[in-house]
A.B. asks: 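Got a structure here, written out as structure tokens. Questions coming.
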Amino acid sequence: QVQLVESGGGLVQAGGSLRLSCAASGRTFSTYAMGWFRQAPGKEREFVAAGSWSGRSTYYADSVKGRFTISREFAKNTVYLQMNSLKPEDTGVYYCAAVAASYSGSYYYSDYQYDYWGQGTQVTVSS
């Protein structure tokens with residue numbers, strides 16, 4: 001079992017930055033691929049970013065490419081989502097997710113591929 005806890009959300013003006021954190025506990029987190037998803041009010045949850053457990057492979061939604069960066073710090077069992085040049089359309093609840101991966105370069109961008117989810121953290125970008 002893996003427990004995930006997000007933090008770092010908040011209110012920011014358009015053009016600003018936030019860094020979300022996802023702290024993991026439980027099983028051997030180092031071999032879990034990680035992902036970030038978000039859900040805006042009235043909309044379905046959507047993929048944002050994914051990273052392999054090695055950290056060498058990453059993948060981003062087109063809407064955030066070049067602005068968001070996913071990274072992980074193994075010593076702290078934590079995954080980050082650095083969000084720059086934020087836009088009002090980035091507003092939503094952000095969730096981190098984890099899944100055990102047998103291949104160090106695997107990443108996943110569909111929510112059904114993930115087994116563990118955090119509770120979410122709210123990000124609000126004002127115009």
Side-chain angles (χ1 to χ4, degrees):
Q1 192 76 8
V2 173
Q3 293 80 41
L4 304 173
V5 179
E6 302 98 333
S7 62
L11 173 64
V12 64
Q13 288 188 331
S17 298
L18 282 175
R19 188 177 78 160
L20 305 183
S21 300
C22 175
S25 61
R27 290 189 174 179
T28 307
F29 175 68
S30 60
T31 57
Y32 279 68
M34 301 295 295
W36 286 94
F37 292 77
R38 67 187 181 189
Q39 187 167 21
K43 294 187 177 181
E44 294 187 352
R45 185 166 58 191
E46 65 174 358
F47 168 76
V48 175
S52 64
W53 66 253
S54 68
R56 290 196 298 268
S57 299
T58 57
Y59 184 72
Y60 298 92
D62 288 343
S63 59
V64 307
K65 200 172 297 181
R67 300 187 297 122
F68 290 11
T69 303
I70 185 172
S71 62
R72 64 195 300 165
E73 187 172 359
F74 289 96
K76 294 186 176 181
N77 279 350
T78 299
V79 174
Y80 303 100
L81 184 68
Q82 178 66 44
M83 306 186 295
N84 299 328
S85 302
L86 283 161
K87 305 175 181 179
E89 51 264 43
D90 293 320
T91 293
V93 178
Y94 283 69
Y95 300 90
C96 69
V99 61
S102 57
Y103 174 53
S104 63
S106 297
Y107 55 81
Y108 308 94
Y109 50 83
S110 296
D111 56 3
Y112 69 85
Q113 295 175 297
Y114 288 88
D115 294 325
Y116 303 100
W117 293 83
Q119 83 290 348
T121 185
Q122 176 71 45
V123 171
T124 304
V125 184
S126 63
S127 56

A.B. asks: Considering residues, nucleotides and ligands other than Phe74, do more than 12 of their heavy atoms fall under 6.0 Å from its CZ?
C.D. replies: yes

A.B. asks: Going by the angle between their ring planes, with limits at 30° and 60°, are Tyr59 and Tyr109 parallel, tilted or perpendicular?
C.D. replies: tilted

A.B. asks: Verify the cluster assignment for Ile70 and Tyr32: are they in a single hydrophobic cluster under the rule of side-chain heavy atoms below 4.5 Å apart?
C.D. replies: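 Same hydrophobic cluster.
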
A.B. asks: Which residue in the set Val48, Val93, Thr121 passes side-chain contact (heavy atoms from CB on, under 4.5 Å) when paired with Arg38?
C.D. replies: Val48

A.B. asks: Return the SG to OH distance between Cys96 and Tyr80, rounded to the nearest 0.5 Å.
C.D. replies: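 Cys96 SG to Tyr80 OH: 12.0 Å, rounded to 0.5 Å.
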
A.B. asks: State plainly whether the residues Asp90 and Lys87 are in salt-bridge range, i.e. N to O under 4.0 Å.
C.D. replies: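 Looking at Lys87 together with Asp90, the answer is no, because their closest N to O distance does not fall below 4.0 Å.
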
A.B. asks: Looking at Gln119, is its backbone amide N or carbonyl O close enough to the side chain of Glu6 to form a donor-acceptor pair, meaning the two atoms are under 3.5 Å apart?
C.D. replies: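 Yes.
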
A.B. asks: Should the ring pair Phe37 and Trp117 be called parallel, tilted or perpendicular, given that the plane angle runs from 0 to 90° and is split at 30 and 60?
C.D. replies: tilted

A.B. asks: Determine whether Met34 and Phe47 fall in the same hydrophobic cluster, where Ile, Leu, Val, Met, Phe, Trp and Tyr are linked whenever their side-chain heavy atoms lie under 4.5 Å apart.
C.D. replies: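 No, Met34 does not connect to Phe47 through the hydrophobic network.
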
A.B. asks: Quick one: does Tyr107's side chain have a donor or acceptor within less than 3.5 Å of a partner on Gly35's backbone?
C.D. replies: no

A.B. asks: Quick check: closest heavy atoms across Leu81 and Ala49, and the distance to 0.1 Å?
C.D. replies: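 That closest heavy-atom pairing would be CD1-CB, 4.0 Å.
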
A.B. asks: Please report the closest heavy-atom contact between Trp53 and Ser102, naming both atoms and the distance.
C.D. replies: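 Closest approach of Trp53 to Ser102: NE1-C, 4.4 Å.
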
A.B. asks: Decide whether Leu18 and Leu4 are clustered together by the hydrophobic rule: side chain heavy atoms of Ile, Leu, Val, Met, Phe, Trp, Tyr closer than 4.5 Å, transitively.
C.D. replies: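 Yes, same cluster.
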
A.B. asks: Using a 4.5 Å cut-off on heavy atoms from C-beta on, say whether the side chain of Val79 contacts that of Trp36.
C.D. replies: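 In short, these two side chains touch, coming nearer than 4.5 Å.
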
A.B. asks: Aromatic rings Phe68 and Tyr94: how do their planes relate, parallel, tilted or perpendicular, breaks at 30° and 60°?
C.D. replies: tilted

A.B. asks: Could you state the interatomic distance from OG1 (Thr58) to CZ (Arg72), rounded to the nearest 0.5 Å?
C.D. replies: 12.0 Å

A.B. asks: Is it true that a side-chain atom of Thr91 and a backbone atom of Val125 form a donor plus acceptor pair closer than 3.5 Å?
C.D. replies: yes

A.B. asks: So, for Ala33 and Ser106, which heavy atoms are closest and what is the spacing to 0.1 Å?
C.D. replies: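 Closest pair (atom of Ala33, atom of Ser106, distance): CB-O, 3.7 Å.
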
A.B. asks: Mind checking whether Met83 and Val12 have side chains closer than 4.5 Å, heavy atoms only?
C.D. replies: no

A.B. asks: How many angstroms lie between atom SG of Cys22 and atom OH of Tyr95, to the nearest 0.5 angstrom?
C.D. replies: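 If we round to the nearest 0.5 Å, Cys22:SG and Tyr95:OH are 13.0 Å apart.
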
A.B. asks: Check whether any side-chain N or O of Ser52 sits under 3.5 Å from a backbone N or O of Ser104 as a donor-acceptor pair, and report yes or no.
C.D. replies: yes

A.B. asks: If you take all heavy atoms of Gln3 and Gln1, which pair is closest and at what distance?
C.D. replies: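 Closest heavy-atom pair between Gln3 and Gln1: NE2-CG, 3.1 Å.
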
A.B. asks: Please report the interatomic distance CZ(Arg19) to CG(Asn84), rounded to the nearest 0.5 Å.
C.D. replies: 11.5 Å

A.B. asks: Dump the intermediate steps for side-chain hydrogen bond (donor to acceptor under 3.5 Å, both in side chains) on Glu73 and Thr78, then the final yes or no.
C.D. replies: CA-CA 5 Å; Glu73 187 172 359; Thr78 299; over 6 Å; no

